Every structure is written in C-alpha cells, then in structure tokens.
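In what follows, a structure is listed as structure tokens, so that the remarks can point back to it.
Numbered from 1 within each chain, the chains take letters A, B, ... in sequence-line order. Only a predicted model underlies this, so the values are computations on that prediction, with no experimental measurement involved.
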There are 2 protein chains.
Amino acid sequence: MSGANHPEQERQPYAPTPRPGGRSARVRADVVTATLAEVAEKGYDGLTVEAVATRSGVHKATLYRRWGGVDGLVADALTASADQPWPLPDTGDLRQDLRRITQEVFSVFTDPDLGPTPTALISAAQRSDAGAAALHAFFTARHRQAAEVAERAVARGELPAGTDGAEVVRAATAPLYYRLFVTGEPLDARTAERAADAAALAARAGLFTSALAAEEAHAKPNTTTPQGN
Amino acid sequence: MSGANHPEQERQPYAPTPRPGGRSARVRADVVTATLAEVAEKGYDGLTVEAVATRSGVHKATLYRRWGGVDGLVADALTASADQPWPLPDTGDLRQDLRRITQEVFSVFTDPDLGPTPTALISAAQRSDAGAAALHAFFTARHRQAAEVAERAVARGELPAGTDGAEVVRAATAPLYYRLFVTGEPLDARTAERAADAAALAARAGLFTSALAAEEAHAKPNTTTPQGN
DNA sequence: CTCGTAATGCGACTTGAGTCGCATTACGAT
DNA sequence: ATCGTAATGCGACTCAAGTCGCATTACGAG
C-alpha cells in the first residue's frame, strides 16, 4: 500500500543495456511494431508471444528474456506509443477546446480502423502490473499535456486561479472512457459534447481548484478566487 | 450421413436446463461462491478453473461444460452479484444524494477487504464477450436504479424536466471508475465529492436533458410514453 | 418403487505456453 | 583487423490448461 502521489520512478520494461545501439535497438523496434500489428489484428486474447516472435523474426526465447511475456510486450508498446503527442486545440475558449479533445477521443476509439489498436492496448495493459504502470504513465503524460487548455483559460481569466488543469481534462474525458472500458455502453458524439460542456461548467464554478493552489493564488494580488459554495 | 433431424443443441453456459431444480442449482451456487472467493483471494490472474473445481468440489470437466472456462465463471458470478441491490440515498437534495453515491463507490473499492473482489470481477469481465455482456447488464441495472435520485430531483423541481437520470449518475461516477480501471490513478474522498458536485451542477444547468424527452415533457405533463408505430 | 434420462464424475489425452542450457552471431573497444 | 563479451538463435524439455469418451449418480415422472 503506497500512498505516494509522486510516481517519479518510471522504469522501462528492460534495463538500459550496456549495448544500446545497434542490433538491440533494431530488435526492439521490430518487436514493438509486430506487437502493435498483432494486437490490432487479433486483439489481446489472440496475442501470443509466438506470433510476435514469428512476425518480428525474433526468437521466442529472446522475447521472454527481454520482455518477460505478453505483459511486457504490451507495456513496452504502450510506452513507445506514449511518445507520440497528439494535437492540442487552441480555440480561445475552454469549452470549445474541451469539446475538441473529447471529440478527438470519440473519433479515435470509434473509428473501425484506428480504434481497435488503442482499445486492445488499454484493455491489455490493465492485466499486469507492468502494463498498469505503463498505462498510468501514458495517461499522466496525456493529462499533463492536455492540461494546457485549462491553464490558458486561467491565464485568460476564464477560470479561477489555482484550477487543476489535469483534473478538468479528466472530468471531460472520464465519461467517454467509462463507457468504453467499464460499462461497455455505446459512445456517441453527443455524449462527448456533453462531457466537455459539463467539465467546462464545473471548472468555471471553481470546483477543480485545489486548496493548496488556491492559497498560492491568494498570495498573488491578481485574482480573487471565491470558493464556489 | 442423413440424420437430417438431429436436434443437438450446444449447451450454453447456465442456459435454462430441463432440470433446473435440485442438484444443478446447488452446483451452480457452489461454483459461484467458489469463484468469488478465488477472485477475492488471488485476483483474476490467479483464477484458474482447477482451483474453482477444487474449492467447489465440482469436477473440472463440468465447469468447462457448463461455464466454458474462466470467462463464463466470472460472467456468472457477476450476474449473480448484480441481483444484490445497494442502498439508495434520499436526503432531499440532489448533490447530497450524488455525494452519498460516489462516497459509497469510493468506500467499496478502496476498502482493503471489500475492494479486491469487485475490482477483480470488473477487470476480469472486460476480457471476454460474455463477461462484457454481464458487466454491461450490471451497470445498466445500477444506473437505472440510481437514476431515481435524479428523478426525485426532477419531481422536486430541482432539475429541469426531461433530465436523463442515468446520465446524471454516469457523470457523477465516471471519474471514479476512470481512475480505478483506466488510468490507475489514486482515488480519494475529495475526488468523489468533486465528481458528485460537478454532476449536480451540470444537471441543474440542464446539460443532461435529452431534447426529445424535454419536448415530451413540455407537450404533456403526463409521463406516459406512447409506444407503437 | 422403478425406470429413463440428463447431469456430473472420472481420468487419459492433446496442445501450447513458458523455461533452460548451449551454440552462434554481432557489437564495440583496442 | 582482432578479440572479448553480451545478446540472440536454437531446440528440447516441463507442466498446466483445456478436451474427450465413457461410467456413474441423482433428479423427476409414472
């Protein structure tokens, strides 16, 4: 039981090797590519180490040695995927920005071509500790990146100072992921809009200000942040 | 091979059998109990058919025949769990009711004794189609039941007519499940409160009214919905 | 009570995931 | 260019999950 909120310890599935350049790097790239392709084709249940070994041309034993199994393969693929940033909207209006974000999530996951890969990847990641850690890191990075739309809104005076931007993003996207990965309910564009609007509304009301950040903001002579009742 | 009339039906998991009373029912109850116990102890990854067979005293082959595997065991356990209703708050105030609900979710899943079982159950259910269907049914029932707090708020005049009660409940609980089952971020009581408050706020603003339902509510105060074509 | 039938018990069999020890290859330094 | 070493290739081995055909038991109807 660790109550630490500071997961500074992000360790990649394989230890930094004394021979990082050359073949090892090539092998890793091939394996990640093969893993993503396999997941996209067969989903997680159809994902086997042997299939990845065959497709990548890397021997089965090597995969088990370096990645430990399907868990590690998925975790590493997820880590590699996390590096690719996605476009961040900047319309000048918080609600519009959030709508763009939820719309983007909706589009990706419901697209019959694009959707299966991240869907299977996320489902797969929930099964193992390594995958869960990679998934946590993935979303932490996403939240941190997307929090900028809220921070800009704060700078504009649209949101109270001390607003937790990542929390705003979570509030906007949570209903989508909730349907996709928990209840299995259908997801439509209207739901994506409503979620964004609800998050914007709550953020404007000051629901996502952390007490600590609010105090810091009070010290500054700029904005008064009345705690919404 | 003629045999045109060969009504050989595939035995579906726990389909209504021609002999529902007696031993079959007892076997099923034992298996469900054993499955829940195993899941609680070892999580999903440690859940094997053999272990359930040993604990329940039912032979392995029987489990595979009737439940098809770990998937079916989990799905059936989930279905059995869905029958147990949980307490619905009625404080006379929507925000308070929603806070109670999110607080309940928070308590259950973070409790070191109670949490592991539903957590593992939900995680497990996401893996198979049967489990996903059972999970979907489970949450549909929960939403339907909990929607009453919103419907009472409508009756009180606290919420606009035509508000989708289930959607209000989803908005309140989604951030919790999002953290628990998608991002793996820690969950605290404050988050549970904020989610409830945000949902209440959005509901009061009329964000969860479906245009259709609102029109119907306007047209006739009677809640009867005509069916037919 | 007796009997027909469905459900379960039983154990051998098949299959594939995962491991191990050793041979071979390729990187990087001298 | 050559060599030491780490990483990969290789195939046999272990073991548990899952399947199959048959024997046995228990339910329910007459």
Side-chain angles (χ1 to χ4, degrees), chain A residues 12-35 38-39 42-76 124 127-131, chain B residues 6-35 38-39 42-76 124 127-131:
Chain A
Q12 294 198 345
Y14 68 97
T17 64
R19 191 181 293 176
R23 190 161 73 155
S24 293
R26 217 179 311 136
V27 166
R28 189 205 175 202
D30 292 344
V31 169
V32 167
T33 301
T35 301
E38 283 290 321
V39 164
K42 307 174 185 173
Y44 184 83
D45 291 328
L47 183 64
T48 67
V49 175
E50 282 214 43
V52 175
T54 302
R55 185 188 282 258
S56 66
V58 178
H59 197 271
K60 184 174 66 162
T62 298
L63 297 182
Y64 278 109
R65 270 192 287 257
R66 277 187 52 176
W67 282 272
V70 185
D71 306 338
L73 289 173
V74 168
D76 198 25
R127 300 201 193 182
S128 66
D129 290 340
Chain B
H6 196 38
E8 180 181 14
Q9 290 180 347
E10 279 291 329
R11 283 275 169 259
Q12 298 208 349
Y14 45 93
T17 63
R19 192 182 291 176
R23 189 160 74 153
S24 294
R26 216 179 312 134
V27 166
R28 189 202 176 207
D30 291 343
V31 169
V32 167
T33 302
T35 301
E38 284 290 321
V39 164
K42 307 173 186 174
Y44 183 83
D45 290 328
L47 182 64
T48 66
V49 175
E50 283 214 43
V52 175
T54 302
R55 186 188 280 258
S56 65
V58 178
H59 198 270
K60 182 175 68 161
T62 298
L63 296 182
Y64 277 109
R65 271 191 288 256
R66 276 187 54 175
W67 283 271
V70 185
D71 307 337
L73 289 172
V74 168
D76 198 26
R127 299 201 194 182
S128 66
D129 291 339

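Atom CZ of Arg28(A) and atom CG of Asp76(A) lie 4.0 Å apart (nearest 0.5 Å). Here CG of Leu47(B) is found 6.5 Å from OG1 of Thr35(B). Values are rounded to the nearest 0.5 Å.
Within the helix from dC1(C)-dG30(D) to dT30(C)-dA1(D), the inter-axis angle between the opening and closing five-pair segments is 40°, rounded to 10°.
Rounded to whole Å, atom P of dA17(D) lies 11 Å from atom CG of Leu47(B). Going from atom CZ of Arg28(B) over to atom C1' of dA7(C) covers 16 Å, rounded to whole Å. Distance Tyr64(B) OH to dA16(D) P: 13 Å, rounded to the nearest Å. With rounding to whole Å, Trp67(A) atom CH2 is found 16 Å from dG18(C) atom P. Between the CZ atom of Arg66(B) and the P atom of dT19(D) there is a distance of 17 Å, rounded to whole Å.
Nearest heavy-atom pair across Ser56(B) and Ala34(B) is CB-CB, 3.7 Å.
Using a 4.0 Å heavy-atom criterion, one finds that Gly68(A) contacts no nucleic acid atom at all.
In terms of the salt bridge (Lys or Arg N to Asp or Glu O under 4.0 Å) criterion, Arg65(A) has no residue partners (sequence neighbours excluded). Remark: Thr48(B) engages Glu50(B), Ala51(B) in a side chain to side chain contact (heavy atoms under 4.5 Å, CB included) (not counting sequence neighbours).
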Provide a list of protein-nucleic acid N or O atom pairs under 3.5 angstrom, restricted to nucleotides 10-16 of chain C.
none

Q) Yes or no on side-chain contact (heavy atoms from CB on, under 4.5 Å) for Trp67(B) and Val52(B), after CA distance, side-chain angles and deciding distance? A) CA-CA 12 Å; Trp67(B) 283 271; Val52(B) 175; over 6 Å; no

Between side-chain atoms of residues 57-64 of chain B and protein atoms elsewhere (two or more places apart, or another chain), which donor-acceptor pairs fall under 3.5 Å?
unit_1, atom_1, unit_2, atom_2, d
His59(B), ND1, Ala61(B), N, 3.1

